[in-house]
Enquirer: 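One structure, pasted below without further comment.
Note that ligands are numbered from 1 as they come in the structure, with each ligand's atoms numbered from 1 the same way.
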Amino acid sequence: MNIVVLGPPGAGKGTQAKRLEERYGLIQLSTGDMLRAAVASGSEIGQRAKAIMEAGQLVPDEVVIALIADRIDRPDAKKGFILDGFPRTTKQAEALDRMLAEKGIRLDHVIEMKVDDALLVDRISGRYTCAKCGAGYHDRNQKPKVDGVCDACGSTEFKRRADDNAETVSKRLEAYHAQTAPILPYYRAKGALKSVDGMAPIDDVTVALGAILDGAARPKAKAKPAGRAKAKPKAKRAGKAKAKAKKRPKARKKPARGKRKARPARGRRPASKAARRSRKPARRRKK
Ligand SMILES: [Zn+2]
């Protein structure tokens with residue numbers, strides 16, 4: 001099963017991808033991690049990427065695609081992958097499709113994690129962590145029990161990511177929407193796009209994702225004809241049964257009526273006489 005998870009930074013893609021990874025035995029492909037790993041490994045692609053990044057330039061799509069192609073060829077990717085944070089543009093989506101098509105691999109799901117921008121800005125800009133142990137907090141949603149003291153380790157030093165401020169988050173969201181907006185219709189046209197509410201509690205999002213993935217674990221193309229094939233014979237059988245039910249009673253009723261008419265004509269008179277005889281003395285005896 002191969003999945004792309006779309007969503008702006010802070011939508012919880014990484015958290016959910018990690019859960020899907022464990023549950024379905026997939027590998028999570030984060031392009032940032034792959035780039036760092038490639039650079040660290042000193043591979044040919046890694047060296048190329050390193051030179052580009054050191055020059056302060058964005059790594060070209062072809063390099064990222066090559067990294068993904070290399071990664072999904074490895075044995076641990078047999079069960080499938082989750083692409084998180086890629087593709088971001090329609091160009092990247094097309095390049096990804098071409099690379100996968102060459103390998104005979106298809107994307108099973110493209111899942112959009114929908115967010116409320118204002119809520120997301122609040123969620124991200126309010127977060128901070130303990131400088132000592134890394135425990136996560138939030139200005140309003142998750143304050144330490146004692147103001148200014150870490151619940152976990154008692155440290156009084158906290159840190160905030162420089163880019164976790166309202167202005168930067170708003171800009172990131174704008175950029176995401178501007179770039180990614182065309183990808184949604186691209187995947188929607190392929191019938192692969194599904195959405196989940198990324199603002200829901202983390203566990204609810206996991207449940208929603210599971211429903212999508214489990215629901216479509218049975219191939220759609222096979223499920224539909226099977227459903228039709230089953231429905232048709234049932235209708236035919238029902239039709240035949242109805243036809244038989246209509247014919248049989250008619251055929252039976254006619255002789256049955258004749259027999260009933262004939263038999264009672266003979267049988268009723270003596271039976272009724274005998275009954276009258278037997279009843280009358282019985283009543284008389286009782287009275
Ligand atoms: Zn701490």
Enquirer: Sort by chain and number the protein N/O/S atoms found under 2.8 Å from the Zn ion (ligand 1).
Expert: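 Listed by chain and number, the nearby protein N, O or S atoms are Cys130 SG, Cys133 SG, Cys150 SG, Cys153 SG.
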Enquirer: Has the side chain of Lys13 got a donor or acceptor atom that lies under 3.5 Å from a matching backbone atom of Asp84?
Expert: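 A pair under 3.5 Å: no.
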Enquirer: Can you tell me how far the CD1 atom of Ile3 sits from the CD atom of Gln16, to the nearest 0.5 Å?
Expert: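 CD of Gln16 is found 11.5 Å from CD1 of Ile3.
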Enquirer: How about Arg140: does its CZ atom have over 12 heavy atoms from other parts shown lying under 6.0 Å from it?
Expert: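 No, CZ of Arg140 has 12 or fewer neighbouring heavy atoms, counting only those of other groups under 6.0 Å.
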Enquirer: State, yes or no, whether a side-chain contact exists between Leu107 and Leu96 at a heavy-atom distance under 4.5 Å.
Expert: yes
Enquirer: Return yes when atom CD1 of Ile202 has more than 12 non-hydrogen atoms of other residues, nucleotides or ligands closer than 6.0 Å, and no otherwise.
Expert: no
Enquirer: Could you tell me whether the side chain of Gln28 and the main chain of Ile82 form a donor-acceptor pair under 3.5 Å?
Expert: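 Such a contact is absent between Gln28 side chain and Ile82 backbone.
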